Amino acid sequence: MLLDRRAFTAGSVALLSGCATIGVRTLSDCTPLAPVDADPSRLIRAVAGLRPYRRSGFVVRAEALGDKRLVHNYGHGGGGITLSWGSAKLATELGLQGHSGPVAVLGSGIMGLSTARLAQDAGFPVTIYTAALPPDTTSNIAGGQFHPYAVFDDDYVTPEVKAQFTRALDYSWRRFQIMVGDDYGARWLPTYVERRSPEARLLESFPPVNRLLRPAEHPFPLDSVLRYDTMYVETGRYLRQMTRDVRIAGGKIEVRKLASPADIAALPESLVFNCTGLGSRELFGDQELQPARGQLAILEPQPEVNYAFTGGPGYMFPRPDGILLGGTFELDEWDTTPDPATIQRIIASHKRFFASLRCTA
Ligand SMILES: Cc1cc2nc3c(=O)[nH]c(=O)nc-3n(C[C@H](O)[C@H](O)[C@H](O)COP(=O)(O)OP(=O)(O)OC[C@H]3O[C@@H](n4cnc5c(N)ncnc54)[C@H](O)[C@@H]3O)c2cc1C
């Protein structure tokens, strides 16, 4: 299903854009933006990934495993890139206090790499044990927007997990700012959000600066649009650089799937961080952890598109490696093969939408 933000039909676009003539390039009161050329012929790649979703939110918790200390850090749903530094900070604060000696990290997605880096910064030798390395992780599939989308369900989350979420978000927000630049493929972009989308609800507290635009201030065929600035990471480049950083700081990486807690108990390190994402369902029997499949259509890059959009047609994140069009949120769907019909639908809804901009740059 398309992000439960409902389909954006050709009819609704035509209706909403009735105040302007489609095809007019500029209107005096309209801030022009470069339209995305969402023609199916520009598709360069289609991908699907499984968000590690828990409706009660992500797990940062310590427990004993035989004579070891095990600290969980998994289940971040659609916000794992966003929460990575902050959640890793909470996990390392929990695990490293009073510890001496080397540390094991399970997993080398964004959560494992961030946890490893913070443990190294605190002076501990780290070995990562991982079934797969970037680019073969869910983290590589992510759009890379700094925005905590679909991290929990409000009806199931406890005040404690919400507080944990806020603390993680706050640290991540500040930490990502020092990653901005070409090395990590991280940059700021103006972001436009249709007011009635679920993402807009978060905006009362996050991000710190956002503004409801008057219809005349934006080119979109929509009544109500919010604008805010946030960061975007080109996930492939970011994870590559983070892997290098772990190695430069003396970290070791061993490619190996851990089949059971007994395998973990046999590791030489007495402190283990579990950052296996969706893998925690099988490894630790966490049945609340569900896949939430997301599919992306990636179009040829358009450097002139220097803003992001989220709303009726889905979302559009422009990255140097392609224009990312999302998205879906398909609970309990395990297949990582993109569905051609869904991909075509995502492209078609964006094509209609961008063809109806009231003015263009
Ligand atoms: C389409 C899509 C778009 C997204 N967009 C965004 C976005 O814009 N912003 C955002 O913040 N988030 C986004 N997300 C969510 C984000 O991708 C995830 O929350 C995040 O990648 C989870 O990171 P992780 O490190 O926990 O898991 P993973 O990246 O899955 O890494 C898990 C690691 O553990 C290893 N592992 C698993 N099981 C075992 C085992 N038994 N033994 C050893 N190793 C094991 C794996 O090999 C892997 O290395 C998106 C997700 C999808 C699918």
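Here the structure is a predicted model, which means the values were calculated and not measured. Below, all heavy atoms of this structure are taken into account, side chains as well, without hydrogens, waters or symmetry copies. One-based numbering, in listed order, for ligands and for the atoms of each.
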Does only the side chain of [X] get under 4.0 Å from ligand 1, or the backbone, or both, or neither? Count heavy atoms.
X: R256; answer: backbone
X: S280; answer: neither
X: Y315; answer: side chain

For [X], is at least one N or O under 3.5 Å away from an N or O on ligand 1?
X: G78; answer: yes
X: L258; answer: yes
X: G77; answer: yes
X: M111; answer: yes
X: Q295; answer: no
X: A142; answer: no
X: L278; answer: no
X: H147; answer: no
X: I141; answer: no
X: L83; answer: no

Answer yes when [X] and [Y] have at least one side-chain N-carboxylate O distance shorter than 4.0 Å, and no when they do not.
X: R55; Y: D155; result: no
X: E254; Y: K252; result: no
X: R69; Y: D67; result: no

Residue [X] vicinity, atoms of ligand 1 by number, heavy atom under 4.0 Å:
X: T82; result: 9 (N), 10 (C), 11 (O)
X: G79; result: 10 (C), 11 (O), 12 (N)
X: G277; result: 26 (O), 27 (O)
X: T137; result: 29 (O), 49 (O)
X: A131; result: 43 (C), 44 (N), 45 (C), 47 (O)
X: G109; result: 25 (O), 29 (O), 31 (O), 33 (C), 49 (O)
X: G294; result: 1 (C)
X: G49; result: 53 (C)

Check: Which class fits the ring pair F354 and Y307: parallel under 30°, tilted 30 to 60°, perpendicular over 60°?
Finding: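 Geometry flag for Y307 against F354: tilted rings.
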Margin query: Exactly one of V59, D286, L106 should register a side-chain contact (heavy atoms from CB on, under 4.5 Å) with H72. Which one does?
Written below: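 Passing option: V59.
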Checklist line | Test side-chain contact (heavy atoms from CB on, under 4.5 Å) applied to I347 and L43, D39, T342, the passing residue | finding: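 Result for side-chain contact (heavy atoms from CB on, under 4.5 Å) with I347: L43.
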Looking at every heavy atom in both [X] and [Y], which two are closest together, and how far apart are they?
X: G144; Y: T235; value: CA-CG2, 4.0 Å
X: L90; Y: A168; value: CD1-CB, 4.2 Å
X: P32; Y: A361; value: CB-N, 3.7 Å
X: W188; Y: D229; value: CZ3-O, 3.8 Å

Notebook entry, point to check: Is it true that I110 lies under 4.0 Å from ligand 1, counting heavy atoms only?
Noted result: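 I110: in contact with ligand 1 (<4.0 Å).
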Which atom pairs, donor and acceptor, lie under 3.5 Å between side-chain atoms of residues 178-187 and protein residues at least two apart or in another chain?
| from | atom 1 | to | atom 2 | distance (Å) |
| --- | --- | --- | --- | --- |
| Y184 | OH | D245 | OD2 | 2.6 |
| R187 | NH2 | P318 | O | 2.7 |

Note to self: So for atom CD, which belongs to E304, do other residues, nucleotides or ligands contribute more than 12 heavy atoms lying within a distance under 6.0 Å?
What the structure shows: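 Check passes, neighbour count above 12.
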Notebook entry, point to check: So T191 and Y315, side chain to side chain contact (heavy atoms under 4.5 Å, CB included) or not? Walk me through it.
Noted result: CA-CA 10 Å; T191 302; Y315 61 75; over 6 Å; no
To check your reading of the model: name the closest protein heavy atom to [atom], its residue, and the distance in Å.
atom: atom 37 (C) of ligand 1; result: T276 O, 3.4 Å
atom: atom 9 (N) of ligand 1; result: Q145 O, 2.9 Å
atom: atom 52 (C) of ligand 1; result: R51 CG, 3.7 Å
atom: atom 46 (C) of ligand 1; result: T130 OG1, 4.1 Å

Check: Hey, looking at atom 22 (C) of ligand 1, which of S84, A132, P52 has the closest heavy atom?
Finding: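 Nearest option to atom 22 (C) of ligand 1, by heavy atoms: P52.
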Checklist line | Options S139, G143, G279, ranked by nearest heavy atom to atom 24 (P) of ligand 1, top entry | finding: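 Looking at heavy atoms only, S139 sits closest to atom 24 (P) of ligand 1.
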Next item on the list: Walk me through it: do F309 and F353 pass the test ring pair (Phe, Tyr, Trp, His ring centres under 6.0 Å)?
Entry: CA-CA 11 Å; F309 175 84; F353 181 72; 4.5 Å; yes
Check: When you look at S84 and R175, which way does the side-chain hydrogen bond (donor to acceptor under 3.5 Å, both in side chains) test go after all the steps?
Finding: CA-CA 10 Å; S84 55; R175 177 71 194 223; over 6 Å; no
Counting only pairs under 3.5 Å, give me each side-chain donor-acceptor contact of residues 93-105, with atom names and distances, residues two or more places apart or in other chains.
| from | atom 1 | to | atom 2 | distance (Å) |
| --- | --- | --- | --- | --- |
| H99 | NE2 | G101 | O | 3.1 |
| H99 | NE2 | P102 | O | 3.3 |

